[in-house]
Amino acid sequence: DAIVTADFEPYAPSKGAHAAFMMAKMKTQSGQVLGYIALRIPDSQINAIIQQRTGLGKTGESYLAGRLGDQTSLRSNQVVKDGKIGDARSGKYIEMALHGKSGAAVETGGTGVKEFVRYDPLHIEGLNWCMITTATVDEMLSPVHALRNSTLVIIAFVIGAIVVLALWVTGKITKPINAAVSMLKDIAEGEGDLTKRLSFSSRDEIGDMGRWFNVFMEKLQM
């Protein structure tokens, strides 16, 4: 009395195209079996679900694979690489998923490009299917690289701003001190002009030093 699922196989009425069906008994209210009803599973709807590529970029895709007897083949069409339902497809990660294992790995593809692979079994009564998701490592890491580059730019900008600020503050401090030292040196050597005064507009300790220095010069001039 269970609903039976028939996996994808070549179907003569569709000119050999692969088709899958779900079948169940038809009974009367008294339980008498009248026959069986078969519903063809539309591969277009399977593809519409599996081929959603939000967040997968240009190289990422998901597809279904399954085993019927000793044949392992696709159960959905591929969009990045060539492949349609019924095409033979096998591999280490497909085998692992078909044996009930889940996981992720990085492998080098046939073109020498490193790819991320995610594999998971699909628990569907009567079917031995799995889902595989692949994408190139470079594309998956591109957001990380972009974030790293942005972070480096921000850090460089902050360091540059700190250096400029430090030089400006250092200049504000050392300039009046150097001027005072130069005037004291001239006075000590007997060549100083006692009428000169330091110009300070700040109201901090440097400004106080300048004002008291000018008071000192006025005392010397008397």
Side-chain angles (χ1 to χ4, degrees), residues 47-63 76 78-82 91-93 96-97 101-120 131-222:
N47 286 325
I49 295 171
I50 298 300
Q51 291 175 357
Q52 295 185 52
R53 305 182 62 235
T54 303
L56 291 178
K58 295 181 179 180
T59 64
E61 67 172 342
S62 295
Y63 60 89
S76 67
Q78 291 185 256
V79 292
V80 176
K81 298 177 183 178
D82 292 331
K92 176 172 64 175
Y93 302 111
M96 294 173 67
K101 297 180 179 179
S102 296
V106 174
E107 67 172 357
T108 301
T111 60
V113 177
K114 287 188 176 182
E115 291 185 329
F116 170 84
V117 182
R118 174 74 199 187
Y119 53 95
D120 295 280
M131 185 170 74
I132 308 294
T133 301
T134 63
T136 62
V137 172
D138 287 342
E139 185 172 44
M140 291 192 65
L141 293 180
S142 60
V144 178
H145 294 158
L147 177 61
R148 178 199 62 188
N149 294 337
S150 298
T151 302
L152 291 176
V153 170
I154 293 172
I155 291 175
F157 175 80
V158 171
I159 291 176
I162 291 174
V163 170
V164 171
L165 180 61
L167 292 175
W168 179 78
V169 171
T170 302
K172 292 284 288 184
I173 295 174
T174 58
K175 184 176 179 181
I177 293 177
N178 288 334
V181 169
S182 178
M183 291 181 65
L184 288 173
K185 181 180 178 182
D186 289 343
I187 294 171
E189 291 177 348
E191 300 177 357
D193 184 357
L194 299 179
T195 63
K196 290 184 177 180
R197 298 291 183 269
L198 294 177
S199 176
F200 288 90
S201 59
S202 63
R203 298 182 178 277
D204 53 12
E205 289 81 358
I206 299 298
D208 290 341
M209 183 195 74
R211 284 185 286 275
W212 284 110
F213 181 84
N214 290 337
V215 172
F216 172 72
M217 293 298 292
E218 291 175 358
K219 296 290 185 181
L220 290 179
Q221 192 179 2
M222 292 180 178

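No hydrogens, no waters, no symmetry mates; every other heavy atom, side chains included, goes into these values.
- When every heavy atom of Gly60 is checked against every heavy atom of Val80, the shortest pair comes out as O-CG2, 3.8 Å.
- For Lys81, the side chain to side chain contact (heavy atoms under 4.5 Å, CB included) partners two or more places apart in sequence, or in a different chain, are Glu61, Gln78, Glu115.
- For Thr59, the side chain to side chain donor-acceptor pair (under 3.5 Å) criterion is met by Thr136, Glu139, not counting sequence neighbours.
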Check your understanding: Run the side-chain hydrogen bond (donor to acceptor under 3.5 Å, both in side chains) check on Asn47 and Ser76 step by step: do they pass?
Key -> CA-CA 6 Å; Asn47 286 325; Ser76 67; 4.5 Å; no

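- Listed by chain and number, the residues in a side chain to side chain contact (heavy atoms under 4.5 Å, CB included) with Val164 amount to none (sequence neighbours excluded).
- Ala104 is linked by a side chain to side chain contact (heavy atoms under 4.5 Å, CB included) to Phe116, Arg118, counting only residues two or more places apart in sequence or in another chain.
- Applying the side chain to side chain contact (heavy atoms under 4.5 Å, CB included) criterion to Ile162, with sequence neighbours excluded, gives Val158.
- With sequence neighbours excluded, no residue forms a ring-ring contact (aromatic ring centres under 6.0 Å, His included) with Tyr63.
- The salt bridge (Lys or Arg N to Asp or Glu O under 4.0 Å) test applied to Lys114 returns no partner, not counting sequence neighbours.
- In terms of heavy-atom proximity, Met96 sits nearest to Tyr119 at CE-OH, 3.2 Å.
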